[in-house]
There are 2 protein chains.
Amino acid sequence: MPFKNTFFKSAFSVDNVIFGLDDSKLKVLLIRRKGEPFKGEWALPGDLVHPKENLRDAPKRVLKELTGLVDVYLEQVHTFGKVDRHPVGRVVTVAYYSLVNIHKVKPRAASFASEVEWFPVFDLDSLPFDHLEILHKCTSRLQKSVRTMPIGFELLPEKFTLSDVQDLYEAVLNKKLDKRNFRKKFLSMGILVDVKEYQTGVAHRPAKLFRFETETYDEFKAKGFNFEI
Amino acid sequence: MPFKNTFFKSAFSVDNVIFGLDDSKLKVLLIRRKGEPFKGEWALPGDLVHPKENLRDAPKRVLKELTGLVDVYLEQVHTFGKVDRHPVGRVVTVAYYSLVNIHKVKPRAASFASEVEWFPVFDLDSLPFDHLEILHKCTSRLQKSVRTMPIGFELLPEKFTLSDVQDLYEAVLNKKLDKRNFRKKFLSMGILVDVKEYQTGVAHRPAKLFRFETETYDEFKAKGFNFEI
DNA sequence: AGCACTTAATGTAATATTTACACTTAATCT
DNA sequence: AGATTAAGTGTAAATATTACATTAAGTGCT
């Protein structure tokens, strides 16, 4: 095995940018680092990839440790590999993002974290390592993906109003959208089902409730839906 | 340095999918592998990332070894990391693509290659490792990027006709486009300069020659051009 | 010289998409 | 009962996309 001799000392890790929607704001789950370097600072959750672990399973493991969730939407974004990006050694990291329903989740500290907390994405302006760059790249990718994929599956409760959906899109895109145009376009895609119920207990006209036609993104794709917003 | 003890035996590599345009076909540069595994088979060019080399420099080095070219358009696409993707050990690979002018280049065998040759992208249906998947992913990405970035810089000669540009787009997208609509849209972007010359020696009405307003993609971005085709 | 051949160049009308915009409705709260 | 809040709804103008056919300017052949 001539090849094996050329292996060199290095490591690869994954970072998982976990997005959620709360209070009409796009938030990201950060951990307080348990170990050096940057011990005690808020950073993106991540871990080294295990030797017998498929790459894509590593961010899933990180997410599961922190939230208990499995089977959420997960997208690989970019790999960061500057020689000096990690102060301790050569670590190439693959960045992923996932989308979770912030209200269905009670994040808990994990092996690599002493504390976890949701932070508003657009307020963060410093993070250790190159984590700010990673966050930016993942946020940009999310903003692109949200226009061609029905990611609401993951971020909304089972039944929701059209205003909930619009709030979500405004939070992710970080800008206001026209109400009538948004509703027109979203409804015309035919992926929502009217559940024939209404909001209750709100101090205004109650909104109609909807659910998604399919329950996961994979099902959605399988049905051959087209999506563009 | 508690972190360092957790490093494990593994390697990361890059693969560079080098695209060119020839005979109105999108082609990719393959190498005949010099070493095991898959010795003697046609495969994507790639190499292990050197310990003190920034990740993005590795595909540049591969390209330079094979073609002598530096400063070409290079885009990271995806990282592949299934445990068993490489028969000899754990190798996570980062896939890039670059675009080169096939007629300005005389590819030569490199340390890892005994032979190099251009192959039509849409005719390939088997490659070693997961290289076919990598090629597909890079081709799809190129097809997306070509609609929002003026990649013609890299693939066309300095002076070219509008038909050359259309041929390029048809080769990359692998479909026919409407001549009048294409020209209208491309010209309206204002990135072409009429060089006031005409083709010579062709057995038909000679076409006007154009050049790009800027010489590199970075300049293009710097000028704040908008592009969508 | 004339004709055949090849690709370049050009405009318009029909259709589809996107944008901008304001009032009425139905509930709660005081 | 009146104030407050967010839900729900349609249209016209502007813009973008699509489909489509004829004339122009060279070379090559006889």
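Proteins get letters first, then strands, A, B, ... in listed order; numbering begins at 1 in each.
In this structure, A:Arg183 has no salt bridge (charged side-chain N to carboxylate O under 4.0 Å, His left out) partners at least two apart in sequence or on a different chain.
Between the side chains of B:Glu170 and B:Ser24, no donor N or O sits under 3.5 Å from an acceptor N or O. Counting only N and O atoms by type, the side chains of A:Glu75 and A:Ser145 include a donor and acceptor under 3.5 Å apart.
Summary of the strand contacts: A:Tyr198 and B:Asn181 both lie near DNA chain D, and taking for each the nucleotide with the nearest heavy atom, the more 5' one is attributed to A:Tyr198.
Across residues 159-180 of chain A, A:Ser163, A:Lys179, A:Arg180 each have a non-hydrogen atom less than 4.0 Å from an atom of DNA chain D (numbered order). Using a 4.0 Å cut-off on heavy atoms, the residues of residues 202-210 of chain B that approach DNA chain D are B:Val202, B:Ala203, B:His204, B:Arg205, B:Pro206, listed by number.
Using the six-membered ring where Trp is involved, B:Phe220 and B:Phe227 have ring planes that are perpendicular, over 60° apart on the 30 and 60° scheme.
Atom CG in B:Asp194 sits about 13 Å away from atom C1' in C:dA9, given to the nearest Å. Note: CG (A:Asn226) to C1' (C:dT17) measures 15 Å, nearest angstrom. Look at NZ on A:Lys185: it is 8 Å from P on C:dT19, rounded to the nearest Å. Between A:Arg183 atom CZ and C:dA20 atom P the separation is 18 Å, expressed in whole Å.
Under the ring pair (Phe, Tyr, Trp, His ring centres under 6.0 Å) test applied with B:Phe160, the options B:Phe212, B:Phe153, B:Phe210 reduce to a single match, B:Phe212. Of the candidates A:Thr67, A:Val28, A:Val62, A:Pro45 forms a side chain to side chain contact (heavy atoms under 4.5 Å, CB included) with just one, namely A:Val62.
Sequence neighbours left out, the pairs with a member in residues 193-212 of chain B that pass salt bridge (charged side-chain N to carboxylate O under 4.0 Å, His left out) are B:Lys159-B:Glu197, B:Asp194-B:Lys208. Each ring-ring contact (aromatic ring centres under 6.0 Å, His included) pair with one or both residues in residues 106-128 of chain A, not counting sequence neighbours, appears once here: A:Trp42-A:Phe119.
In this structure, the side chain of B:Arg108 engages the main chain of B:Glu65 through a donor-acceptor pair within 3.5 Å.
Once you apply a 4.0 Å limit to the heavy atoms of chain B, the touched nucleotides of DNA chain D run 5' to 3' over D:dT17 to D:dT27.
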Chi angles and distances behind the side chain to side chain contact (heavy atoms under 4.5 Å, CB included) call for B:Phe19, B:Leu135: CA-CA 10 Å; B:Phe19 289 115; B:Leu135 175 61; 4.3 Å; yes
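Between B:Asp47 and B:Arg61 a salt bridge is recorded (basic side-chain N to carboxylate O distance below 4.0 Å).
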